[in-house]
Amino acid sequence: MKAVIVNKKGDGVEVVSDCKKPSPGHGEALVKVEYCGVCHTDLHVAHGDFGKVPGRILGHEGIGIVEELGEGVTTLKIGDRVSIAWFFEGCGHCEYCTTGRETLCRSVKNAGYTVDGGMSEYALVTADYAVKVPENLDPAQASSITCAGVTTYKAIKESEVAPGEWIVIYGAGGLGNLAVQYAKKVFNNKVIAVDINNDKLKLAKESGADVVINGKEIEDVAGYIVDLVGGCHGAVVTAVSKVAFNQAVNSVRAGGTVVAVGLPSEYMDLSIVKTVLDGIRIKGSLVGTRKDLEEAFEFGAMGLVVPVVEKVCVDSAPQVFEEMEKGLIQGRKVLDFTKLTN
């Protein structure tokens, strides 16, 4: 079967056609993949930023149809449309799994990193961890919600910004655009979007942002936000930029919360005095639980959130990764496995 894998050197991607079709074991289901989005985390994995995994099938924004069930599966049936998500499986019994924080499980398996993911014609899922996709949600759009959507939905939850309060989203790309939509249309926040790309800011404005700011055109972004609205009640940073993290801390008002989502391989600067005296909270937010994904899917099915996706052929995956590295992608590029001929 065809798949997108980490190359032999563990520092890039390649498309291969000779991967063995897997068979489901106990508690597993075989999924015929329809679509799989390309996420910035896939780029990190391909480059070996988390440790090299040559030969690994990438992808954690997979959507497909259950074709075969392994022994003991009771939660899925053949024909169900399900997700292949970054949070692939937890241990189920640790303090995190039993207290609603399963993504922090120390024995977690991650699709496209520690186990094979969704960028292939067929993929395995652990049945109890695969989230069903609502029938009235477009599967290509659902692929984007499987990671980018649920990640930003969870991050806004973590910010605890109330309806009518201000939130600033740093980074208006694939994650940021969905963050704008969830913040505005689901949580009823007032939204500021910050980016250095005017095309992405234009899309953010069309998606519901009340204010857009180009970080290259405003010398002091945080100061501008403080002057404009008195500082935001919360900030979500999806940008892969140390500068954005630093600006976020300075753009929230006293008692505000900064939620870190992007993964630049740097350290942020943090004023201890400001953090203490202003009661600033800084929280890391890692994707979302199965329940979060179920909720995120439902808001997509209701039409409140509409991911901006572009379907592309599987063979174009290396080019897509190059475009992502250069910051040229708006919304989400989605690999289309429905166009492959058997």
Side-chain angles (χ1 to χ4, degrees), residues 41 86-87 95-97 99-106 108 147-172 175-176 178-184 186-195 209-211 213 215 220-289 291-293 295-296:
T41 301
W86 176 255
F87 177 61
E95 63 176 294
Y96 303 109
C97 286
T99 57
R101 298 175 293 164
E102 60 189 12
T103 58
L104 299 178
C105 174
R106 299 297 86 183
V108 68
C147 177
V150 70
T151 296
T152 54
Y153 173 67
K154 179 67 169 183
I156 296 166
K157 269 188 173 182
E158 292 288 336
S159 76
E160 299 181 16
V161 175
E165 292 184 340
W166 284 96
I167 188 168
V168 55
I169 311 297
Y170 280 89
L175 272 78
L178 284 170
V180 168
Q181 293 191 53
Y182 277 107
K184 187 67 177 180
V186 175
F187 292 92
N188 197 25
N189 302 142
K190 295 177 182 176
V191 182
I192 298 173
V194 180
D195 204 285
D210 297 280
V211 178
I213 299 172
D220 181 5
V221 172
Y224 181 82
I225 291 172
V226 170
D227 289 342
L228 185 66
V229 301
C232 288
H233 299 83
V236 171
V237 190
T238 69
V240 187
S241 164
K242 174 182 177 178
V243 172
F245 280 85
N246 293 340
Q247 290 174 340
V249 174
N250 292 319
S251 64
V252 295
R253 63 181 66 191
T257 300
V258 176
V259 183
V261 176
L263 294 170
S265 54
E266 302 169 286
Y267 292 86
M268 65 188 292
D269 299 324
L270 187 62
S271 166
I272 296 173
V273 171
K274 176 178 174 58
T275 304
V276 174
L277 296 185
D278 284 358
I280 304 299
R281 295 178 299 168
I282 299 173
K283 305 171 73 173
S285 183
L286 175 66
V287 293
T289 65
K291 181 60 177 174
D292 292 322
L293 180 52
E295 293 172 2

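Just the heavy atoms: all of them, side chains too, but no hydrogens, waters or symmetry mates, feed the values below. When a residue number appears, it is its place in the shown sequence, counting from 1.
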Checking side-chain contact (heavy atoms from CB on, under 4.5 Å) for the pair Val194/Ile169: CA distance, chi angles, key distance, verdict? CA-CA 6 Å; Val194 180; Ile169 311 297; over 6 Å; no
Apply side-chain contact (heavy atoms from CB on, under 4.5 Å) to the pair Lys157 and Asp292, showing each step before the final yes or no. CA-CA 10 Å; Lys157 269 188 173 182; Asp292 292 322; 2.9 Å; yes
Worked verdict on Asp210 versus Lys190 for salt bridge (Lys or Arg N to Asp or Glu O under 4.0 Å): CA-CA 6 Å; Asp210 297 280; Lys190 295 177 182 176; over 6 Å; no
Chi angles and distances behind the side-chain contact (heavy atoms from CB on, under 4.5 Å) call for Val108, Phe87: CA-CA 7 Å; Val108 68; Phe87 177 61; 3.6 Å; yes
Just do the side-chain contact (heavy atoms from CB on, under 4.5 Å) check on Ile167 and Ser159 with the steps written out, would you? CA-CA 9 Å; Ile167 188 168; Ser159 76; 3.8 Å; yes
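For the pair Ala248 and Val258, the tightest heavy-atom approach, listed with the atom from each and the gap, is O-CG2, 3.8 Å.
Taken from CD1 in Ile192 to CD1 in Ile213, the straight-line distance is 5.0 Å, to the nearest 0.5 Å. Taking OH of Tyr182 as the reference point, atom CD1 of Ile156 lies at 9.0 Å (rounded to 0.5 Å). Atom CD1 of Ile280 is separated from atom CD1 of Ile272 by 14.0 Å, given to the nearest 0.5 angstrom.
You'll find the side chain of Ile225 reaches within 4.5 Å of the side chain of Cys232, heavy atoms only. Here the side chains of Val211 and Trp166 are in contact, with some heavy-atom distance below 4.5 Å.
Counting non-hydrogen atoms of other residues, nucleotides and ligands closer than 6.0 Å to NZ of Lys274 gives a total above 12.
Checked against a 6.0 Å centroid threshold, the rings of Phe245 and Tyr170 do not count as neighbours.
Between the side chain of Thr238 and the backbone N or O of Val261, no donor-acceptor pair lies under 3.5 Å.
Screening His233, Arg281, Glu160 against Thr257 for a side-chain hydrogen bond (donor to acceptor under 3.5 Å, both in side chains) leaves a single residue, Arg281.
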